[in-house]
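Take a look at the structure set out below.
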Amino acid sequence: MSHAMSHATGAPQRLERAASALRDAGVDALLLTPGADLFYLTGLEHTHAFKRLLALVLRADGSAAWITPAMNVPQVREHALSGQPVRSWTDDEGYLPALQERTAGLKTIAFDDEARAAFLLDLLFVAPEVRVRKAGDVMRALRSRKDAAELETLRAAGRTVDETIPEAIAFCRPGRREIEVDEDLRAALGRRSPESSVAFTIVASGPNAALPHHETGARKLQQGDVVVLDYGTRLNGYHSDITVTCSVGEPADPEVRKVYRVVWEAQQKALEAVRPGVPCEAVDRAAREHITAAGYGEYFIHRTGHGLGLQLHEPPFMVGGNTEPLEEGMVFSVEPGIYLPDRFGIRLEVIASVAAGGVSLINAPRVGELPIA
Ligand code: ZN
Ligand code: ZN
Ligand code: ZN
């Protein structure tokens, strides 16, 4: 899977764009360990290196070199381009000499900000003079604008979660535990798309639905409960993410339908605000103003959305204070919610992309009315 991607998506072009971003930022080199950024640039997936340093060092002149545990050499060679030296190290030697060699003479390094802290501490030990920046600051501009192949993969992943909505709602029957609904949902996702993996699931019922990131537990669903179902898959490295909210029979709380309508309308307002050049915070504001005007502002306790791609949460973030302008190809969630403590919560989530003329939905759940399980 990752091998096909690295060729299809053009690793040399991406490495050159990253080198160009390093030059623009005045940074000498980029150091990445296995994760989303390294996958994006080279197609190399996690290789269970864990505490052993496996890294790509890309210099601003476009040259690149690898550091790898001896046991991972074959996996690295599959992704190393010709002209990229592979420096392996054995457990007896440890990785400090390799790290020192590969970073000698570098004054500023953009370091993988999601790497193990010990790798950074070791870098500062072997190169105490080096100045360190976050690799994410260099990489975000590359990764946040998705190309046509990435958008197609995101849409394919989105179809899986869309198609699973009717089943997911039907699983919410009185007497069933959240964890049982969760197991059924995971199985349904696996049947829909055997080539995908389940990235995460949240099943939050009754008062648990008032917690946006509830840990799915043993609570039994009751007649009249609201249930928030938030789930996502991963296909060829790219994620889907959806939230639907349903009721187990007619909702017990008389305010449920009204709150559902407000959240739905807020989501539509946010989607209408999407177009190139608009600041990210305007998308958040569109949803928030609607919810506030309806009297529920203090119960909308998180940002409106997050970028989505190789990571489930990545830039850009639709949040107050983020003046970054939307650009064509950006992909993010629009997921307003209202959470009434100890009663219920409602969140609705779709994934949007920025197209020339406005919004283009990556997935499109049509759940404008409260679904009844
Ligand atoms: Zn979340
Ligand atoms: Zn979600
Ligand atoms: Zn989300």
Side-chain angles (χ1 to χ4, degrees), residues 36 143-144 146 151 153-155 157-165 167-169 171-172 178 181-182 185-186 188-189 192-193 196-205 208-216 226-235 237-246 260 263-264 266-268 270-271 274 280-281 283-284 286-288 291 300-320 322 326 330-339 344-354 359 361-367 371:
R143 278 183 42 206
S144 63
K146 272 67 178 177
L151 289 171
T153 306
L154 285 161
R155 284 203 180 87
R159 275 194 291 279
T160 301
V161 288
D162 275 358
E163 290 169 0
T164 313
I165 293 171
E167 281 173 282
I169 291 169
F171 294 144
C172 296
E178 289 175 353
V181 174
D182 191 88
L185 176 56
R186 286 172 179 272
L189 289 166
R192 285 269 162 207
S193 180
S196 300
S197 56
V198 177
F200 76 98
T201 53
I202 298 173
V203 178
S205 68
N208 292 341
L211 297 169
H213 277 177
H214 167 66
E215 287 290 326
T216 304
V226 166
V227 185
V228 172
L229 300 150
D230 187 352
Y231 55 99
T233 60
R234 188 169 178 267
L235 173 66
Y238 288 83
H239 288 88
S240 61
D241 186 6
I242 194 173
T243 308
V244 289
T245 300
C246 66
Y260 191 97
V263 174
W264 168 261
Q267 187 185 51
Q268 305 315 304
L271 291 170
V274 173
C280 291
E281 65 176 359
V283 178
D284 181 79
R288 202 164 300 279
I291 287 175
F300 179 15
I301 52 179
H302 54 68
R303 66 194 173 210
T304 294
H306 56 82
L308 184 81
L310 291 173
Q311 285 167 297
L312 190 58
H313 295 140
E314 63 179 40
F317 293 97
M318 304 302 120
V319 62
N322 185 4
L326 293 180
M330 284 180 169
V331 172
F332 49 87
S333 70
V334 175
E335 50 178 309
I338 293 174
Y339 308 91
F344 66 91
I346 288 174
R347 179 169 67 258
L348 299 174
E349 177 177 26
V350 294
I351 305 302
S353 70
V354 184
V359 70
L361 292 183
I362 294 291
N363 72 327
R366 298 186 202 291
V367 277

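Each ligand, and each atom within it, is numbered from 1 in the order the structure gives. When reading the values below, keep in mind they use all heavy atoms of this one structure, side chains included, and skip hydrogens, waters and symmetry mates.
- With sequence neighbours excluded, the residues forming a salt bridge (charged side-chain N to carboxylate O under 4.0 Å, His left out) with Glu167 are Arg191, Arg192, listed by chain and number.
- The nearest N/O/S atom of Glu349 to the Zn ion (ligand 2) is OE1.
- For Ser144 (side chain) and Pro315 (main-chain N/O), no donor-acceptor pair under 3.5 Å exists by modelled atom type.
- Under 2.8 Å from the Zn ion (ligand 3) lies no N/O/S atom of Asp230, from backbone or side chain alike.
- The Zn ion (ligand 3) lies at the vertex of an angle of 80° between the NE2 atom of His306 and the OE2 atom of Glu335 (rounded to 10°).
- Ring planes of His313 and His213: parallel class, angle under 30° (limits at 30 and 60°).
- With sequence neighbours left out, Phe300 forms a ring-ring contact (aromatic ring centres under 6.0 Å, His included) with His302.
- Inclusion of Asp241 in the first shell of the Zn ion (ligand 2) is supported: an N, O or S atom falls under 2.8 Å.
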